[in-house]
Amino acid sequence: MPEEAGFPPAKRFRPGAGPPRRAGSCPPGRRVVMLLAAGGGGGGGGRRQQPPLAQPSASPYPEAVELQRRSLPIFQARGQLLAQLRNLDSAVLLGETGSGKTTQIPQYLYEGGIGRQAVIAVTQPRRVAAISLATRVSDEKRTELGKLVGYTVRFDDVTSEDTKIKFLTDGMLLREAISDSLLRKYSCVILDEAHERTIHTDVLFGVVKAAQKRRKELGKLPLKVIVMSATMDVDLFSQYFSGAPVLYLEGRQHPIQIFYTKQPQHDYLHAALVSVFQIHQEAPCSQDILVFLTGQEEIEAMSKTCRDIAKHLPDGCPSMLVLPLYASLPYAQQLRVFQGAPKGCRKVIISTNIAETSITITGIKYVVDTGMVKAKKYNPDSGLEVLAVQRVSKTQAWQRTGRAGREDSGVCYRLYTEDEFEKFEKMTVPEIQRCNLTSVTLQLLAMKVPDVLTFDFMSKPSPDHIQAAIAQLELLGALENKDGQLTLTPIGRKMAAFPLEPKFAKTILLSPKFHCTEEILTIISLLSVDSVLYNPPSRRDEVQAVRKKFISSEGDHITLLNIYRAFKNTGRNKDWCKENFVNSKNMMLVAEVRSQLRDICFKAWQAAARVPASTAGPVPWTARGARGSIATGGGTVLTSGVFSVSRFLPNQMSMPILSSRGDTESVRRCLAHSLFVSTAELQPDGSYATTDTHQPVAIHPSSVLFHCKPACVVYTELLFTNKCYMRDLCVVDAEWLYEAAPDFFRRKLRASRN
DNA sequence: TGAATTTAA
């Protein structure tokens with residue numbers, strides 16, 4: 001293979017769960033039950049007699065579907081699997097990709113009469129997966145989606161009273177746990193893709209374990225927990241669920257050849273380029289290539305280089321279709337990776353880690369793995385989040401490799417040596433140890449977890465890390481400390497009702513005081529969705545020219561508000577989006593988020609009204625001489641005397657959703673009052689430093705304030721990349737900040753010192 | 001003064 005990269009002979013692997021193994025030797029779990037012997041897909045050798053389905057009469061599906069289900073590797077283990085699962089409270093299921101575990105196990109349980117008393121939940125880290133799995137399983141059961149089999153994701157609940165098998169995002173189940181921490185609706189919770197260790201799955205581990213224990217103590221319907229993982233590191237899962245047995249299922253993956261480089265590569269981009277063209281010159285052009293790089297800029301640059309080189313290849317060499325792939329690419333361009341290349345042309349996809357799990361492309365024969373990712377790390381000392389290019393973990397490398405063997409045998413070029421690979425971390429550090437914990441902490445407190453610091457996390461974040469989250473929540477007024485016991489304040493409870501970062505929830509809850517809830521709802525929706533602005537580096541001048549008309553000297557929040565208004569005024573027009581370099585898919589999402597938040601404003605009020613007066617506390621908003629229009633929440637009527645409110649309030653009202661009309665100052669005041677922890681001030685030397693810790697920071701070049709030097713700003717995000725950048729800034733008056741939090745700012749603000 | 005991985009509620 002590529003001479004410069006210097007690949008020695010390949011090794012053969014069956015990917016999915018990791019390196020090759022012999023049946024007897026692994027996996028390393030404690031009580032391992034091998035449910036399916038090797039050779040499942042081969043067809044040769046002694047074919048086992050197929051066990052009949054639970055009730056012969058319960059087979060209403062046409063033969064084709066039935067045959068298809070029976071042909072899955074997992075089917076041969078069905079009887080054993082059910083026998084095991086019937087008697088277990090908890091189990092860990094290690095199933096390679098292609099084993100059929102996610103679609104079949106919920107059906108087996110249901111058909112076997114396990115967990116029929118209530119609902120079987122299957123969680124997924126991603127929305128699309130939850131939806132497509134539910135669709136698939138309801139097809140297999142020949143039922144209408146939303147009847148026996150349904151799904152619940154944000155903005156979309158396709159379930160009914162008949163639903164017994166429910167696919168949902170892990171974030172959604174977590175949200176449900178806030179109002180019912182015992183998960184009473186469910187007889188069984190299957191946590192799928194557990195190896196990905198998303199922050200939501202990790203919190204769910206603890207929630208589900210606690211619910212299981214508590215239900216047992218109370219003599220209620222037992223809760224069965226099944227953890228499903230596609231990688232070998234299941235020991236931790238098993239230990240966490242008091243030594244739950246590990247059931248092992250073999251999958252059906254195609255063999256993949258792996259090449260390592262002979263020498264370490266100091267320039268992985270160059271090595272990737274060489275590899276791509278080497279493959280291109282040698283392999284049949286119907287075989288596509290997938291390259292893993294780290295980010296947009298790198299990918300765009302590499303795409304351009306590839307296209308340039310492809311133009312000047314010798315005769316007889318196939319042509320090349322180069323497609324970049326990353327999350328912020330407009331949806332229409334993302335879709336192109338699924339289309340086949342024209343005849344005589346090879347498809348080369350250059351992607352971020354989005355193609356590791358989120359997007360699956362068929363027909364990939366070759367994977368080129370640079371061994372690098374861009375990922376967030378958390379620095380507990382400074383409390384800063386750092387985004388940096390780093391080495392992948394072994395798990396990630398296997399995941400990438402597996403992308404080559406989905407339909408047929410494949411090849412993976414690893415642009416690092418085998419020795420280097422051996423030094424990679426075994427697993428990716430779980431997200432819960434890598435990011436800000438304020439949201440999680442608020443959610444746990446809303447579930448009335450007695451002590452967040454001792455919460456039974458599978459992989460504990462450091463105490464400093466949790467303490468920092470508690471401190472943030474205290475500053476936001478969400479917490480109070482009653483005799484050493486942390487509890488939520490009434491505002492804190494309302495904050496937990498919003499599917500937002502706590503500081504954004506607080507902003508909304510404060511907005512009535514500034515008569516600008518309409519505007520704040522829009523701004524917060526825009527901030528809580530992926531960027532609606534599309535900035536192709538190659539068309540920078542065009543973008544700048546077009547964006548000029550929206551720009552506000554008051555900062556990014558007001559600018560975003562202008563863009564949303566323009567979008568709305570054009571009737572949510574897609575062509576308008578395209579002309580203005582606005583990501584229409586994200587913009588539509590903003591509108592959905594906004595209406596959800598608006599609903600919650602009404603509900604949060606109603607919920608607060610139900611709390612007895614003694615504990616309700618003062619209501620955070622008062623309607624003094626209303627400017628603008630008042631919207632009422634679907635005829636909400638509150639009984640007077642149920643809660644304590646200021647005497648200025650009328651008897652009958654709901655949370656006032658007012659518009660400040662053209663008054664942007666009150667919007668900025670509102671932001672100052674809720675984001676005061678995140679302020680930075682101009683220093684005498686022209687640089688910026690945060691007010692709180694005097695961390696040197698800079699205005700991000702994407703900000704409309706990049707060329708300006710306002711004295712004082714609040715920002716919504718701080719991220720360390722090349723520098724410590726503030727993103728989404730709003731110009732504020734130092735006086736407003738002082739007014740918002742006099743204790744916090746005493747002797748801190750430059751303005752108050754001078 | 002110069003640039004963002006990804007997912008979810």
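So you know, we letter chains A, B, ... as the sequences are listed, proteins then strands, and number each from 1.
- Using a 4.0 Å heavy-atom cutoff across all strands shown, A:Lys376 reaches at least one base atom of the nucleic acid.
- Between A:Met172 atom CE and B:dA8 atom P the separation is 13 Å, expressed in whole Å.
- A:Leu174 comes within 4.0 angstrom of nothing in the nucleic acid, heavy atoms only.
- At whole-Å resolution of the value, CD in A:Glu431 and C1' in B:dA9 are 13 Å apart.
- In this structure, A:Arg598 pairs ionically with A:Glu518, as a charged nitrogen and a carboxylate oxygen lie closer than 4.0 Å.
- Atom CD1 of A:Ile178 and atom C1' of B:dA8 are 13 Å apart (whole Å).
- Distances shown here put every side-chain N or O of A:Lys709 at or beyond 4.0 Å from the OP1 or OP2 atom of B:dT1.
- Side-chain N/O atoms of A:Thr690 and A:Thr693 include a donor and acceptor closer than 3.5 Å.
- The side chain of A:Ser528 contributes no N or O atom lying less than 4.0 Å from OP1 or OP2 of B:dA9.
- Between A:Ser702 and the phosphate of B:dA3, there is no side-chain N or O to OP1/OP2 separation shorter than 4.0 Å.
- With distances taken from any side-chain atom of A:Ser358 to the nucleotides B:dA9, B:dT5, B:dT7, the minimum falls on B:dT7.
- Here A:Ser328 does not reach the OP1 or OP2 of B:dA4: none of its side-chain N or O atoms lies under 4.0 Å away.
- When the options A:Leu705, A:Asp728, A:Val704 are evaluated for a side chain to side chain contact (heavy atoms under 4.5 Å, CB included) with A:Thr559, the one that passes is A:Val704.
- If you measure from atom CG of A:Asp728 to atom P of B:dA4, you get 14 Å, rounded to the nearest angstrom.
- Within 4.0 Å of A:Arg175, counting heavy atoms only, lie sugar-phosphate atoms of the nucleic acid but no base atom.
- Among the heavy atoms of the strands, none lies under 4.0 Å from A:Ile199.
- Checking A:Tyr688 against A:Lys709 by side-chain atom types alone, no donor-acceptor pair falls below 3.5 Å.
- Looking at heavy-atom distances under 4.0 Å, A:Arg540 makes contact with a base.
- A:Ser687 comes within contact range of no nucleotide atom at all, as no heavy-atom separation falls under 4.0 Å.
- One donor-acceptor pair, N or O on each side, does fall under 3.5 Å between the base of B:dA4 and the side chain of A:Arg727.
- Taking atom CD1 on A:Ile359 and atom P on B:dT6, their separation rounds to 9 Å, with Å as the unit.
- Nucleotide B:dA8 holds its P atom 14 Å from the CD atom of A:Gln596, rounded to whole Å.
- Between the CZ atom of A:Arg434 and the C1' atom of B:dT6 there is a distance of 9 Å, given to the nearest Å.
- As a whole-Å value, the separation of A:Glu297 CD from B:dG2 P is 13 Å.
- Side-chain atoms of A:Thr169 lie closest to B:dA8 of the nucleotides B:dA8, B:dT5, B:dA4.
- Aromatic ring centres of A:Phe706 and A:His700: separated by at least 6.0 Å.
- Remark: the A:His707 side chain and the B:dT1 base include a donor-acceptor N/O pair separated by less than 3.5 Å.
- Of the side-chain N and O atoms in A:Thr198, none sit less than 4.0 angstrom from OP1 or OP2 of B:dA8.
- Using bins of under 30°, 30° to 60° and over 60° for the plane-to-plane angle, the ring pair A:Tyr416/A:Phe424 lands in the tilted bin.
- Ring-plane geometry between A:Phe421 and A:Trp398 is classed as perpendicular, the angle between the planes exceeding 60 degrees on a 0 to 90 degree scale with a lower cut at 30.
- As judged by a 4.0 angstrom heavy-atom cut-off over every strand, A:Arg127 is placed among residues touching the sugar-phosphate backbone only.
- Under 4.0 angstrom from either OP1 or OP2 of B:dA4 there lies no side-chain N or O belonging to A:Tyr725.
- Listed pair A:Asn722 / B:dA3 meets the phosphate criterion, a side-chain N or O lying under 4.0 Å from OP1 or OP2.
- Note on A:Ala698: nothing from the nucleic acid sits closer than 4.0 angstrom, heavy atoms only.
- Here A:Phe706 counts as stacked on B:dT1: its ring centre is under 5.5 angstrom from the base ring centre and the planes meet at under 30°.
- Contact annotation for A:Val153: backbone-only contact, meaning every heavy-atom pair under 4.0 Å involves sugar-phosphate atoms and none involves a base.
- Across all strands shown, A:Thr357 has no heavy atoms under 4.0 Å from either base or sugar-phosphate atoms.
- Counting any heavy atom pair closer than 4.0 Å across all strands shown, A:Glu196 reaches no nucleic acid atom.
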